[in-house]
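Comments concern the structure below.
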Amino acid sequence: MRDLPSRIIVFFRRNWYLAIIGLLILLWLAGRYRESPLLFWQFIVDGLRLGFVYALIALGYTMVYGIVRLINFAHGDVFMVGSYTAYFATTRYQWGFLPAMALAVGVCAFLGVVIERVAYKPLRDAPRIAALITAIGVSFFLEYFTALDFVFTPNFINYTPLPLKITTWEVRGITFSNIMLLIIAVTTACLVLLWYIVYRTKLGKAMRAVAWDKETALLMGINVDLVITSTFAIGSGLAGIGGMLYVLAYPQIRTFLGVMPGLKAFIAAVFGGIGSIPGALIGSLVIGMVEMLAQGYLSSPMRDAIVFSVLIIVLLYRPTGLFGEAAREKA
Amino acid sequence: MTALLEVNDLHVFYGAIHALQGISFHMDEGEIVTLIGANGAGKSTTLKTISGLLRPRQGNILFQDRDLTKVSAPKIVSLGIVHVPEGRKIFAPLTVRENLEMGAYSRSDAKEIRASMQQVFASFPRLQERLSQPGGTLSGGEQQMLAMGRGLMANPKLLLLDEPSMGLAPLLVEEIFRIIVEINAQGTSILLVEQNAAMALSIADRAYVLETGTVALEGPAAELLENPQVKAAYLGR
Ligand SMILES: Nc1ncnc2c1ncn2[C@@H]1O[C@H](COP(=O)(O)OP(=O)(O)O)[C@@H](O)[C@H]1O
Ligand SMILES: [Mg+2]
């Protein structure tokens, strides 16, 4: 396998018109940058804040896809449940920040496991399209069910008071906030922990073995069902953390809150190469920055339009994304 | 003495395809038994049914007098039956060491696992040199060694080997068969499935010849080696 830079060169040589468009965009950005470097860096910083939240969602998409080849479209809604859980814990029940986060992880992990057991496991050997449609169904179910009066009431919420005081600093004219640092720190910690689990623990190695070949994993004595369930639990738990952090940064809570971040994180995971954990991180950071640049220099509606065009371009020209393997070789 | 493994009147289907049509055989402890037969005869299907990947529609499988037909695949491994599948099925992205660790998944005593790994290295010194390499980067012969080593990591009583010589150069085939005999000498019973009937019969105690899902012939391996039918159909002489 060739290294990334030479693969990028080959890709653009083959798709030279994309290279030209990309170059024009870079030129245009350079122009904007010269007008006001400060503004540019502010957008980048805001984009990173958003991207680190996306990463927490994208990891779940990518892990679940890696192991059961399913785009879990309900994942964004699990994220939303994490937001509500954190909100109710910190405001109504006055829990502290960390206990609330732990609760969000627990609730979301449990929800993820229930979804897997009830909706996806019976379809594991069915055509993937059946599972995909079911995932969309589960997503709608969560969005509308949680909107019922007896579930999350009220369900249009402004998150006040936040469980921590927002402080902002200016460093050379660029504004940073403690929320942003918190998001980066927590996401980084989650990534390190996840890396440790996947590469250093028995469960993680079994996850990689199951992702590669379920039948042979069974022959090793691996309890494949349990490994798949654990993957859903971990991915959903990360979404719970993401849900909490997201509403700290964007404190409006509603039951459709997970839809857009869910889609964006999905795009980030595809862009990075679905199934790849580093891809999910890089993809998320890039998508976050692209969004903030588009919003800052163009307009809010353009922000979504551009991100969705990224999805279309990736699917057209490189469906395996940045780090995705082309049809993998099985011995 | 009761048999180690007893397979009785096994019928297995793939949808409407009746792949095993009443297979029966047995193995005693310490034996090397080989199943030979043409492509599509049902050899792999038989192994997959023993290891719990497939369920029979009829018949049973007794391992040390315990019926396996309702036992889950992971549980069968912990009972002491390990299946090294056709085509090696290495976990390509996992390192050689991790592949071996997966073989020991059903065990928990770290010290015993390390001891097993040392034994595997004694049989397959080449694996030790490649420990941190991804399994997918090994050559075909090395992958076969890894597949067998991985199987041995579970410390099996009965090892099911599906075409270990497939696609290997003659010199490697001999090495693999030598190691199979060695593993057997250390007390592991072996059920060997092979296309290379001559080699298989030369190391086996007894053999069964499968034809389209049934047992066509059976007997001591040495006898089958001289059997004119077997010679004509499977030994290419
Ligand atoms: N997954 C499958 N689906 C349908 N038919 C199968 C499948 N696997 C094997 N068969 C059929 O079952 C029969 C036995 O196959 P198999 O056990 O693989 O034979 P062998 O290992 O002796 O070459 C063959 O006719 C084969 O075509
Ligand atoms: Mg076969």
Side-chain angles (χ1 to χ4, degrees), chain A residues 1-3 62-63 65-67 69 121 124-127 194-231 273-280 320 323-331, chain B residues 44 47-48 50-54 71-95 97-108 110 113 134-140 142-144 146-147 150-151 153-156 159-160 162 166-167:
Chain A
M1 192 168 80
R2 279 166 310 196
D3 54 319
T62 234
M63 289 172 68
Y65 181 84
I67 207 149
R69 308 280 136 186
K121 189 168 171 230
R124 202 172 291 155
D125 298 320
L194 187 66
W195 176 87
Y196 182 81
I197 292 175
V198 170
Y199 289 95
R200 287 290 177 270
T201 67
K202 192 168 170 179
L203 171 67
K205 293 170 192 175
M207 283 163 63
R208 286 156 59 218
V210 171
W212 180 255
D213 183 345
K214 284 181 197 45
E215 194 171 89
T216 305
L218 275 175
L219 292 182
M220 302 296 113
I222 296 173
N223 185 335
V224 170
D225 287 342
L226 190 66
V227 169
I228 291 176
T229 301
S230 309
T231 307
I274 190 120
S276 156
I277 289 177
T320 53
F323 294 96
E325 293 295 317
R328 64 184 192 176
E329 284 172 52
K330 275 208 216 175
Chain B
S44 298
L47 295 195
K48 284 181 180 179
I50 297 172
S51 57
L53 293 180
L54 297 172
V71 182
S72 74
K75 187 79 211 300
I76 288 174
V77 175
S78 53
L79 289 178
I81 301 184
V82 170
H83 177 175
V84 179
E86 185 176 339
R88 338 205 195 287
K89 301 291 171 67
I90 293 307
F91 298 117
L94 274 65
T95 64
R97 178 191 288 283
E98 287 169 336
N99 269 280
L100 293 173
E101 286 170 357
M102 289 298 102
Y105 193 84
S106 56
R107 303 168 70 188
S108 48
I113 293 174
T137 62
L138 299 188
S139 71
E142 289 164 345
Q143 290 199 7
Q144 184 58 45
L146 178 55
R150 188 178 64 177
M153 289 297 292
N155 196 20
L159 195 59
L160 316 177
D162 198 344
M166 189 204 261

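All values below were derived from every heavy atom in this structure, side-chain atoms included, with hydrogens, water molecules and symmetry-related copies excluded. A, B, ... follow the sequence lines: proteins, then strands. Residue 1 opens every chain.
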Checklist entry - How far apart are the closest heavy atoms of B:P74 and A:G221, and which atoms are they? => result CB-O, 3.5 Å
Checklist entry - What distance do A:E215 atom CD and B:S51 atom OG have between them, rounded to the nearest 0.5 Å? => result 8.0 Å
Checklist entry - Considering all heavy atoms of both residues, which atom of A:R208 and which atom of B:L94 are nearest to each other, and what is their separation? => result CB-CD1, 3.6 Å
Checklist entry - At their closest point, which heavy atom of A:D213 faces which heavy atom of B:K89, and how far apart are they? => result OD2-CD, 3.5 Å
Checklist entry - For the residue pair A:V227 and B:Y105, what are the closest heavy atoms and their distance? => result CG2-OH, 4.4 Å
Checklist entry - B:F91 and A:W212: which non-hydrogen atoms are nearest, and at how many Å? => result CA-CD1, 3.7 Å
Item to check | Gap separating the OG1 atom of A:T216 from the NE2 atom of B:H83, nearest 0.5 angstrom | outcome: 8.5 Å
Item to check | Residue part contacting chain A, namely of B:K48, when any heavy atom lies under 4.5 Å | outcome: side chain
Checklist outcome for this item: Per side-chain contact (heavy atoms from CB on, under 4.5 Å), A:L218 is matched among B:I76, B:V77, B:L53 by B:L53
Checklist entry - Out of curiosity, B:M102 CE to A:M220 CE, how far, rounded to the nearest 0.5 Å? => result 9.5 Å
Next on the checklist: Report which part of B:R107 has an atom under 4.5 Å of a heavy atom belonging to chain A: side chain, backbone, both, or neither.
Outcome noted: backbone
